[in-house]
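These notes are about the structure you will find just below.
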Protein chains: 2
Amino acid sequence: MPARKQTKAPPVMAEADIAIVRIAPETSFKNKAYEALKEAILKMDIYATPEQVMLDERALSERLGVSRTPIREAIAMLEQDGFVKTVPRRGIVVVRRTKTEIVDMIRAWAALESMAARLITTTARKKDITALRDFFKDFGKDRLPQDHVEEYSKANIAFHQALISLSESPVLVDMTNDILLHVRGYRQLTIGRKDRTATSLPEHLAIIEALEARDTELAEKRARDHTLGLAAYVEAHGQELFS
Amino acid sequence: MPARKQTKAPPVMAEADIAIVRIAPETSFKNKAYEALKEAILKMDIYATPEQVMLDERALSERLGVSRTPIREAIAMLEQDGFVKTVPRRGIVVVRRTKTEIVDMIRAWAALESMAARLITTTARKKDITALRDFFKDFGKDRLPQDHVEEYSKANIAFHQALISLSESPVLVDMTNDILLHVRGYRQLTIGRKDRTATSLPEHLAIIEALEARDTELAEKRARDHTLGLAAYVEAHGQELFS
DNA sequence: ATCTGATCTCTGGCATACCAAATGCCATAA
DNA sequence: TTATGGCATTTGGTATGCCAGAGATCAGAT
């Protein structure tokens, strides 16, 4: 049997505890392009422009100062995300979802969030649950959400993301984030509506209460019904948004 | 007012009803490579091999007979799916999920499936719901699932997919399919276990009954609890699968 | 025999060139 | 004026080639 090379305890020097942080991985152009394009697509308010939005590989590569290769890889990733659709020899089109698709996504969101609520009742710490109220501390009887729609809208999203995070389930977090990215596009035009905003805050507080009470079934139900309510709202009032 | 060009009835010739079928879109090498690699990864039984499985761009391009470009694009897509992770200058590694991640995924699956069940009680047709029983028509008191684990396992997956499909929600269908692809890898080693298989069939039938009764809450609960049961099972007995 | 480091090799990242199909423009014929 | 056919252009698809960093290898010094 050949001598096995000693692999244990070879520390010649104390491996100085200088905070070595694994150096910067320097993200590739591919990833930079992906992030840049994703952000650009998300902020372009797709549902506001009447005609189809197209992307051009060569134009993008010039704009970003890199060759087409990393751009194409980024496009391929975005296509997996469902943000764009490339048509051979025709172009790359930014996908517009129909109202039905959006409602569908919101329902999935409701499913995931209600599961998060369920998990939270059994694992989250009391203080973390209570901290969820802070997102709405700037609103109350003397400062109604419906009078500060834009601000409330941001608090609303932040609340939902914080809620899901409390589940400590990476999968639930990632999936809902993906959905939010798709839904966010016209969120300003729907969730922002005053009539719905008014009922939103009380529902959120009710969810928090159920979580604090560790009432699994009730928390799940409230979380689900709250988001399903949004789905129903969009289904009923979102018609005008989709030409 | 300028004369509007006549767009109606310009048929110069009868547009011969020769069966023109829109020709074949001939999927690109990029997509072919994506499908090929995905299938290869799914059937390689990742959790069976002890050492990390690596992929090599050049080797793959030779094997598939195409250049590296479409291969790289396919890899980028697979990375978005979470099947592989490319490490610069090191290689492309096929991702192995931890037990915790798998349990987490199954919980998300439970959330989505319970929402599907909920929707089904309000929209699906009676005959379609009843048809779900067909997946298990080959099993019964005289032919127990636990005695034909492999066969039952396939029926099991088919049942769940058919169930979700009945919700007529493309989003729920796609998301659960994605999850199933990740979970399927070691499914054979867990769901296949006899002790769990025995309780599976009755639970499935109970779900179908609730759906037929149009009992939204009950159907949702049964669907959720059934899949959460699998999650709990994996969490408790799946330890040995993850080295 | 072991440690050091120069070098060779392997691997993904990126740039570039060329291809082919889908369009659009435009000269030309009816 | 209008319909038609062909050519130039546009756009994504694919193939190649070179680069740089991370390891592995191996010779030389201690």
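Chain letters run A, B, ... following the sequence lines, proteins first, then strands; residues in each count from 1.
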Would you find more than 12 non-hydrogen atoms of other residues, nucleotides or ligands less than 6.0 Å from A/E62 atom CD? no
Look at A/S67 and C/dA15 and indicate whether a side-chain polar atom (N or O) is within less than 4.0 Å of OP1 or OP2. yes
Can you see if the side chain of A/R89 gets near the phosphate of C/dA20 - specifically, an N or O under 4.0 Å from OP1 or OP2? no
Considering only heavy side-chain atoms of A/T86, the closest of D/dG12, D/dT14, C/dC14 is D/dG12
Would you kindly compare B/D56 and A/G65 by the position of their nearest DNA chain C nucleotide and give the one closer to the 5′ end? B/D56
How close or far is atom P of D/dA15 from atom CZ of B/R68, stated in whole angstroms? 12 Å
Starting from C1' on C/dC14, measure out to CD on A/E57 and report it in whole angstrom. 15 Å
One should read off an interatomic distance between A/K85 NZ and A/L55 CG, to the nearest 0.5 angstrom, of 14.5 Å
Flag if over 12 foreign heavy atoms under 6.0 Å of CD, B/E101: yes
Testing D/dG12, D/dT14, C/dA15 for proximity to the side chain of A/V66, the answer is C/dA15
Donor-acceptor pair under 3.5 Å, A/T69 side chain vs C/dT16 base: yes
What's the CZ-C1' distance between A/F29 and C/dG12, to the nearest Å? 14 Å
When we call it a touch if two heavy atoms are under 4.0 Å apart, what does B/L55 touch: a base, just sugar-phosphate, or nothing? sugar-phosphate
Does B/R90 make a side-chain donor-acceptor contact with the base of D/dG21, cut-off 3.5 Å? no
Could you tell me how far apart A/R58 (CZ) and D/dT14 (C1') are, to the nearest whole angstrom? 12 Å
Smallest heavy-atom separation, B/A155 atom then B/F135 atom, equals CB-O, 3.5 Å
Grab the CD-P distance between B/Q52 and D/dG23 for me, whole Å please. 13 Å
Over how many whole Å does the gap from A/K85 atom NZ to D/dG12 atom C1' extend? 13 Å
What's the CD-P distance between B/E73 and C/dC14, to the nearest Å? 13 Å
Can you give me the closest heavy-atom contact between B/V95 and B/G82, atom names plus distance? CB-O, 3.8 Å
What integer distance in Å separates B/I71:CD1 from C/dC14:P? 18 Å
